[in-house]
Amino acid sequence: MYGQEQINPYHEGEKAKQVEQMFDNIAPTYDKLNHRLSWDIDRGWRRKAILQLAPHKPHDLLDIATGTGDFAILAAEMLHPKRLIGSDISEGMMEIGRQKVKERGLDSIITFERQDCLALSYPDEQFDAVTAAFGIRNFADLDQGLREMQRVLRKGGHLSIVELTTPVSFPMKQLFKIYSHTVLPIYGRLISRDASAYSYLTRTIEAFPQGERMVEILTRAGFSQARFKRLTFGICTMYLATK
């Protein structure tokens with residue numbers, strides 16, 4: 001659960017295994033759908049989040065809920081770290097990431113590891129930066145997941161997150177609701193043959209705490225200087241914090 005903030009999109013008693021299986025199922029079409037459904041704007045969102053880390057020159061990075069590795073690859077190309085680990089629960093997604101990393105000649109820098117985001121296997125204070133793009137809303141326990149991200153950060157390390165959110169202003173709020181409840185699941189079914197995955201996506205976006213609420217949750221998890229910036233009329237939000 002997200003502490004008291006969560007609205008669980010699954011029925012009571014269903015397990016994280018279902019989320020893992022869902023992402024394994026849609027892995028082959030995940031990148032294509034993400035870019036098309038966001039009109040390729042998602043690439044710019046990732047870039048903005050990575051640029052926030054550039055002044056700090058992080059050497060050791062952890063990308064949580066890395067999926068097929070788009071954020072990890074872009075971070076490696078822009079920041080030139082010594083080590084970057086992409087972690088996820090879906091081996092299907094990470095296998096595609098490994099192929100992409102090898103094609104780009106980044107396999108000496110980027111590795112992928114299956115990790116439980118609520119109980120990371122890494123010792124305390126191992127990374128200069130922790131990142132997450134479009135994945136933390138899938139955490140079964142948001143508070144615990146953020147505490148783990150804070151734990152593995154070195155003192156003075158930086159957190160950079162981008163997450164899909166619901167716009168708060170007219171007319172984007174109304175337009176996004178129509179798009180997310182009609183176009184997104186229909187297109188998801190046509191491309192991935194799994195409409196439920198993209199219906200799930202809509203539910204998690206709507207249920208996820210955002211803006212000021214998310215800043216409060218980050219602060220409660222032990223981060224300082226937590227702040228947020230809405231991107232593209234609030235369709236996406238970037239969260240930044242320091243340990």
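Quick note: numbers below take in every heavy atom, side chains included, and nothing from hydrogens, waters or symmetry partners. Since this is a predicted model, take the numbers as computed values, not measurements.
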Drop me the distance from K100's NZ to L106's CG, to the nearest 0.5 angstrom.
11.5 Å
What is the distance from atom CZ of R213 to atom CG of L218, rounded to the nearest 0.5 Å?
12.5 Å
How close do M149 and A132 get, heavy atom to heavy atom, and via which atoms?
CE-CB, 4.1 Å
Does any non-hydrogen side-chain atom of I217 lie less than 4.5 Å from one of D143?
yes
In sequence, state the C-alpha distance, the side-chain angles, and the governing distance for L61 and V130, and then conclude on side chain to side chain contact (heavy atoms under 4.5 Å, CB included).
CA-CA 6 Å; L61 279 79; V130 175; over 6 Å; no
Nearest 0.5 Å, please: how far is CD in E95 from CZ in F112?
9.5 Å
Ignoring hydrogens, what is the shortest heavy-atom contact between V162 and C236? Give both atom names and the distance.
CB-SG, 4.0 Å
Could you walk me through whether D42 and R46 satisfy the side chain to side chain contact (heavy atoms under 4.5 Å, CB included) test, starting with their C-alpha distance in whole Å, then the side-chain angles of each, then the deciding distance to 0.1 Å, before giving a yes or no?
CA-CA 6 Å; D42 62 306; R46 290 184 179 91; 2.6 Å; yes
Heavy-atom closest contact (L62 atom, V152 atom, distance)
CD2-CG2, 4.0 Å
Stepwise side chain to side chain contact (heavy atoms under 4.5 Å, CB included) check, M214 with L146:
CA-CA 11 Å; M214 185 62 179; L146 291 173; 4.1 Å; yes
Are L51 and I41 joined in one hydrophobic group, where the rule is that I, L, V, M, F, W and Y side chains link up if heavy atoms are under 4.5 Å apart?
yes
With distance as the sole criterion, is a donor-acceptor pair present between the side chains of Q210 and T166 under 3.5 Å?
yes
Would you say CZ of R47 has more than 12 non-hydrogen atoms from neighbouring residues, nucleotides or ligands within 6.0 angstrom?
no
Candidate pair E91 and R98, rule salt bridge (Lys or Arg N to Asp or Glu O under 4.0 Å), full reasoning:
CA-CA 10 Å; E91 281 291 350; R98 291 183 184 103; 3.3 Å; yes
Any pair counted as salt bridge (charged side-chain N to carboxylate O under 4.0 Å, His left out), so long as it reaches residues 164-182, sequence neighbours left out:
none
N/O donor to acceptor pairs below 3.5 angstrom from side-chain atoms of residues 71-87, sequence neighbours left out:
residue: H80; atom: NE2; partner: E77; partner atom: O; Å: 3.4
residue: R83; atom: NE; partner: D60; partner atom: OD1; Å: 3.2
residue: R83; atom: NH2; partner: Q126; partner atom: O; Å: 3.3

Are D63 and T131 linked by a side-chain donor-acceptor pair shorter than 3.5 Å?
yes
Side chain to side chain contact (heavy atoms under 4.5 Å, CB included) for I64 and F139? Distances and angles first, verdict last.
CA-CA 11 Å; I64 295 284; F139 285 5; 3.6 Å; yes
NZ/K48 to OG/S160 distance, rounded to the nearest 0.5 angstrom?
12.0 Å
If we ignore hydrogens and angles and just use 3.5 Å, is the side chain of S90 paired with the main-chain N or O of M93 as donor and acceptor?
yes
State yes or no: do W45 and V168 share one hydrophobic cluster built from I, L, V, M, F, W and Y residues joined by side-chain heavy-atom distances below 4.5 Å, directly or via other members?
no
Please find the pair of heavy atoms, one from D88 and one from M94, that lie closest to each other, and give the distance.
O-CE, 3.5 Å
Grab the two heavy atoms, one from L118 and one from Q144, that are nearest each other, plus how far apart they are.
O-NE2, 3.0 Å
Distance check, rounded to the nearest 0.5 Å: F228 atom CZ versus T165 atom OG1?
9.5 Å
Quick one: does E163's side chain have a donor or acceptor within less than 3.5 Å of a partner on G135's backbone?
yes
Does the side chain to side chain donor-acceptor pair (under 3.5 Å) test come out yes or no for Y122 and E113, once each step is laid out?
CA-CA 11 Å; Y122 311 113; E113 296 180 356; 2.6 Å; yes
Among pairs that include at least one residue of residues 122-135, which meet salt bridge (charged side-chain N to carboxylate O under 4.0 Å, His left out), considering only residues two or more places apart or in two chains?
D124-R151, E125-K243, D128-R154
Report the relative orientation of the aromatic rings in H56 and H158; use parallel for angles under 30°, tilted for 30 to 60°, perpendicular for over 60°.
parallel
At what distance, to the nearest 0.5 angstrom, does CZ of F127 lie from CG of L153?
9.0 Å
Just checking, any donor-acceptor pair under 3.5 angstrom between side chains of T204 and R137?
yes
Polar side-chain atom of R220 near backbone of E216 as donor-acceptor pair, under 3.5 Å
no
